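One structure is given below, encoded as structure tokens.
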There are 2 protein chains.
Amino acid sequence: MDIDRWGPRPVYEQVAEAIAGEITAHLRPGERLPAEDALAARFAVNRHTLRHAVDHLVARGWLERRRGLGTFVCDRPLDYPLHSQTRFSETIDAIGQGHSHGTRLVRLATQAADAEVAGVLGLRPGNTVWRIDTLREIDARPATVITHWLPLEPLPELGLRYRGGSLHACLRDAYGFAPRRSWTRVAAQLPTAEEAALLLAPRQLPLLRLRTLNRDGEAGIALEYAVARTRSDRLELRIEH
Amino acid sequence: MDIDRWGPRPVYEQVAEAIAGEITAHLRPGERLPAEDALAARFAVNRHTLRHAVDHLVARGWLERRRGLGTFVCDRPLDYPLHSQTRFSETIDAIGQGHSHGTRLVRLATQAADAEVAGVLGLRPGNTVWRIDTLREIDARPATVITHWLPLEPLPELGLRYRGGSLHACLRDAYGFAPRRSWTRVAAQLPTAEEAALLLAPRQLPLLRLRTLNRDGEAGIALEYAVARTRSDRLELRIEH
DNA sequence: TAGTGGTCTAGACCACCTC
DNA sequence: AGGTGGTCTAGACCACTAC
């Protein structure tokens, strides 16, 4: 794998390809790559250029960096999504058989609704809403971080009554509501620093971003606006038509 | 917006936040940002540090770089409602009103099915299939690149009969099929070099990756397996429940 | 030609992890 | 302590776009 330093293709791209080739040829999931200095020396490029190349492989889910430890080949390269063992679920509430899962409460507070939240929930910007952040884990590894916003008045003392677990179950059992999805918007996005920290995800790993409005019954009041950020290397979205 | 150079937060992160704040406060979609040199001077950071900050905003779909021209604030993404019957052009019509759109044929060939394609279409690996790559544009800017795989036998001379435009219309009108979505899988992924080139997208911009199986009627033969890679800064997916 | 973003090199220091 | 990745600075040159 030689680097053409005067051709039209950037050096970092060629280096990334060379490393990708070595991964598929020689390296197994979990194995450590040589240190950045060593790799930079091997390809005779600057360490920054090498890092740029590795950035792309990290972003595509081939490699994972651990500060102080090294750079490692990921368990499950994203390139073989069909072999992925992850269960899909449209709701992300029902994660399936054979994989342990749990929900951890990260934050529970009231806050002033911004324009987006207020618009969706049918409130005025500045109105106070519940804000709940939860982290969902699959096989003891974080997969999704969800921020829920709920109107204050129909849900008195939610801060006391919700103690983790299924939020929808709480809305049903404690308040008699019947939350149903009204719509869902899906986008792809890189994580913020906070999201990356919660998900233990590299900054370059794209996340699926699902924004969902839940109403009470078919066309009742807006009950909950949720923004879920999911590592799509851990969980894919599947829609049955 | 001051930069704390000795705190725990990286400078580039603070710069990114500062720029994001200015975007929401002052700048409108399509407007140009000051040049990198100027911004670097304003925040008193090196141009590389500034670029690192802008990288994140580009990746999140806030900004778009055009070499030789400058860095621009992105438009808000459009919605892509997903129903069993929706096709892309109908969707744009629905969004319609003021957005032009078109489909460009990038490639049309036969090729041997790999394991994934064969599995989905119910063929054997190595069987010959049609492969069609199309590029969809909104407002004259590429938004989605789609690769379609179709079985060879039920669709003789597809290479001659399909000349661009709606593939589903061709399946209906030329062959009498009634293609319907069977399922869709959604993931987030960074672009390959080829995808980035076709979409004129930065390498850091995550794409929505939709894989769809279309059957003839409700449970007929597998007609088409399509993998669509979409700039989610241009087109969002919306699911009505 | 002038201005823009894209890439590469060089050197330095820091934060984190293991031993 | 020693090795790893993370960040920042500095300077240079290139490729693309508009005029």
Side-chain angles (χ1 to χ4, degrees), chain A residues 3-19 30-59 62-74 191 193 196-197 200-205, chain B residues 3-19 30-59 62-74 191 193 196-197 200-205:
Chain A
I3 308 299
D4 172 15
R5 303 188 75 88
W6 287 273
R9 303 189 55 213
V11 172
Y12 73 84
E13 204 172 291
Q14 301 178 56
V15 171
E17 253 178 38
I19 297 175
E31 268 195 87
R32 214 196 73 184
L33 232 62
E36 293 180 345
D37 283 330
L39 278 178
R42 158 138 42 117
F43 292 109
V45 299
N46 188 272
R47 187 180 153 220
H48 288 116
T49 304
L50 178 96
R51 277 180 64 79
H52 197 170
V54 171
D55 281 344
H56 288 292
L57 298 173
V58 168
W62 290 56
L63 294 175
E64 185 172 7
R65 286 194 176 110
R66 292 181 214 156
R67 194 205 284 228
L69 292 178
T71 303
F72 300 81
V73 178
C74 287
L200 303 179
R203 293 296 303 261
Q204 301 283 91
L205 179 73
Chain B
I3 308 298
D4 172 15
R5 301 186 78 86
W6 287 275
R9 303 189 56 211
V11 172
Y12 73 84
E13 205 172 289
Q14 301 177 55
V15 171
E17 254 178 36
I19 296 175
E31 269 195 87
R32 214 195 73 184
L33 232 63
E36 293 181 343
D37 283 331
L39 278 177
R42 158 140 39 119
F43 292 109
V45 299
N46 189 272
R47 188 180 153 220
H48 290 293
T49 304
L50 178 97
R51 277 182 61 81
H52 196 171
V54 171
D55 280 344
H56 288 292
L57 297 173
V58 168
W62 290 58
L63 294 175
E64 184 173 9
R65 287 193 176 109
R66 293 183 213 154
R67 193 203 278 227
L69 292 178
T71 303
F72 300 82
V73 178
C74 290
L200 304 180
R203 295 296 304 263
Q204 300 280 91
L205 180 72

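This one's a predicted model, so the numbers in the text were calculated from it and none came from an experiment. Lettering follows sequence order; numbering is per chain, from 1. Just so you know, these numbers use all the heavy atoms, side chains as well, and skip hydrogens, waters and symmetry mates.
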*Backbone N or O of A:R9 within a donor-acceptor pair of the A:Q14 side chain at under 3.5 Å?*
yes

*Report the distance from atom CD of B:E64 to atom C1' of D:dC16, rounded to the nearest whole Å.*
15 Å

*Rounded distance in Å - CG (A:L50) to P (C:dA10)*: 14 Å

*asked:* List the residues meeting salt bridge (Lys or Arg N to Asp or Glu O under 4.0 Å) with B:R67, not counting sequence neighbours, and say none if there are none.
replied: none

*Give a yes or no on whether the ring-centroid distance for B:H52 and B:H56 is below 6.0 angstrom.*
yes

*A:L50 and its side-chain contact (heavy atoms from CB on, under 4.5 Å) partner, picked from A:V11, A:V45, A:D37*: A:V45

*Looking only at heavy atoms, which two atoms of A:V54 and A:L63 are closest? And how far apart?*
CG1-CD1, 4.1 Å

Enumerate all atom pairs, one protein N or O and one N or O from nucleotides 4-8 of chain D, separated by less than 3.5 Å.
| from | atom 1 | to | atom 2 | distance (Å) |
| --- | --- | --- | --- | --- |
| D:dT4 | O2 | A:G68 | N | 3.3 |
| D:dG5 | OP1 | A:T71 | N | 3.4 |
| D:dG5 | OP1 | A:T71 | OG1 | 3.1 |
| D:dG5 | OP2 | A:E36 | N | 2.9 |
| D:dG6 | OP2 | A:R51 | NH1 | 2.9 |
| D:dG6 | OP2 | A:R51 | NH2 | 3.3 |
| D:dG6 | OP2 | A:R65 | NE | 3.0 |
| D:dG6 | N7 | A:R47 | NH2 | 2.7 |
| D:dG6 | O6 | A:R47 | NH1 | 3.1 |
| D:dT7 | OP1 | B:Y12 | OH | 2.9 |
| D:dC8 | OP1 | B:V11 | N | 2.2 |
| D:dC8 | OP2 | B:Y12 | N | 3.4 |
| D:dC8 | O3' | B:R5 | NH2 | 3.4 |
| D:dC8 | N4 | A:H48 | NE2 | 2.4 |

